[in-house]
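Everything below concerns the one structure shown next.
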Number of protein chains: 2
Amino acid sequence: MKDSKNSPGASLLDYPRPSVAVDTAVLTVADGSVCVLLVRREEDHQHGKWALPGTFLRERETLADAVLRCLRDKAGISGRVPRQLQVFDEPGRDDRGWVLSVAHVDMVPLTDLEEALKSNGVRLASTTGEPELIVGLPYGHADIVAKAVEWLRAAYAEAPDPGALLDEPFTLRDLRELHEAVAGAPLMRDTFRRFMEPKLAGTGQMSDGTRGRPSRLWVRG
Amino acid sequence: MKDSKNSPGASLLDYPRPSVAVDTAVLTVADGSVCVLLVRREEDHQHGKWALPGTFLRERETLADAVLRCLRDKAGISGRVPRQLQVFDEPGRDDRGWVLSVAHVDMVPLTDLEEALKSNGVRLASTTGEPELIVGLPYGHADIVAKAVEWLRAAYAEAPDPGALLDEPFTLRDLRELHEAVAGAPLMRDTFRRFMEPKLAGTGQMSDGTRGRPSRLWVRG
DNA sequence: GAAATAGTGTCTTTAAGACAATATCAG
DNA sequence: CTGATATTGTCTTAAAGACACTATTTC
């Protein structure tokens, strides 16, 4: 039952190998909705089309390093903790050849993206407000975005601002509005407070109550 | 800031490509503990060493197909729903060269493994009782087993026997003992019942109470 | 004082933990 | 009947949902 090609002494070089790409969904929250960073493709026949930043894995490079290199070179941002989502391998998803894509996700505060967004080769797309743009992405990137948003929601259901999208210190209102944007649904004010307060560290400070009673300011635990 | 090698017109063939392997942790429950299937390596310099069944991805083959082919050829089993866990890419994890391993996990009832276990090239290893064997696995397979068991526990915390390891129909006692083996800890009898009963379908039948009051028999919802 | 927002209290519902009580089998 | 196991009931505790109330600011 053994495959004869797997006989002892066979070299790895005897087999054809796939190209391996990394594609990253850089997520942020802007104007109350989850947005994903897109770059204009320049290096292939999709020239001019918007897509997730991606690159091919180089020799002796880890996947995480490839992701960081790609974000630096194509979007000018220093991503923080890219996480591997899954490998997409449907045949035909990439018409350039036999390409596996290892999808990643990262969360970056909007302020860290402002410099990159000055380039007209970089833009944000709302995942809730611009469905036609998202579903039209090449190379099956729409699937990656969907997985990434799903992962983001799971992360934000567990802890206060795990992606550090909010500048510190912040009020519980700021935090709740951020979590509502991620969840895409309103969250109960008091239930939210009871869940989050034990996971935050209070500063002694108060917000300047520009409209109404001032609020306590917090930082992530 | 663009990389010159990524200029339009460059071919995928211009870049060196990694070998891509799939390694699968086939899990089952035997004698009250979670076990993983190992095969004796024959095709490389680890000849004779126990390891997870794995193979290299072939051209125009999906990862899932490669996993199924490997399990069929090396262990003689028809795996059911292999799930992708994650890519392991630490340089140096494989001394045969530049190899990425896409780890998978599958759950198979012990009865479906009996035929395969007659071969002396196939064995089970308890993940709790034989740590020295597991941690000694080559190619970083110990990490894969750890991830796989973690995944199994998460799956069994959510639903009754999602891997269909138990023959139907079964009693709630059978189900609880299986879940205790997976969790590696005793589970409260009444809490377990209250959680699982709504997710099961009752047959009219009763077990033959060989010791004590007979129990109702259930099937998965 | 009115409007706005922050912070606290509490009632209800739901689920889990922990037992206790009852039911039904083999011997 | 006794021993063993299954099934049901209930008390307590913890957490969430849903409100209501009080407190502190700006205007």
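Numbers restart at 1 for each chain; the letters A, B, ... are given by sequence-line order, proteins then strands. In what follows, every heavy atom counts, from backbone to side chain, and hydrogens, waters and symmetry copies are set aside.
With sequence neighbours excluded, the residues satisfying ring-ring contact (aromatic ring centres under 6.0 Å, His included) with B:His141 are B:Tyr139. Listed by chain and number, the residues in a ring-ring contact (aromatic ring centres under 6.0 Å, His included) with B:Phe192 are B:His179 (sequence neighbours excluded). Residues meeting the side chain to side chain contact (heavy atoms under 4.5 Å, CB included) test with A:Lys199, sequence neighbours left out: A:Pro160, A:Phe195. Partners of A:Thr203 according to the side chain to side chain contact (heavy atoms under 4.5 Å, CB included) rule, which considers only residues two or more places apart in sequence or in another chain, are A:Pro169, A:Gln205, A:Leu217, A:Val219.
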Give the table of side-chain donor-acceptor pairs shorter than 3.5 Å for residues 151-158 of chain A, with sequence neighbours excluded, one pair per line with atom names and distance.
| residue | atom | partner | partner atom | Å |
| --- | --- | --- | --- | --- |
| A:Arg153 | NE | A:Val182 | O | 2.8 |
| A:Tyr156 | OH | A:Asp161 | OD1 | 2.5 |
| A:Tyr156 | OH | A:Gly163 | N | 3.3 |

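Remark: P of D:dG17 and CZ of A:Phe195 are 10 Å apart, rounded to the nearest angstrom. Nucleotide D:dA16 holds its P atom 12 Å from the CE atom of A:Met188, rounded to whole Å.
Checking the phosphate oxygens (OP1, OP2) of D:dA16, no side-chain nitrogen or oxygen of A:Thr191 falls inside 4.0 Å.
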The contact string for nucleotides 2-11 of chain C, one letter per nucleotide 5' to 3', using protein heavy atoms under 4.0 Å with B, S and - for base, sugar-phosphate only and none, comes out as --BBBBBBB-

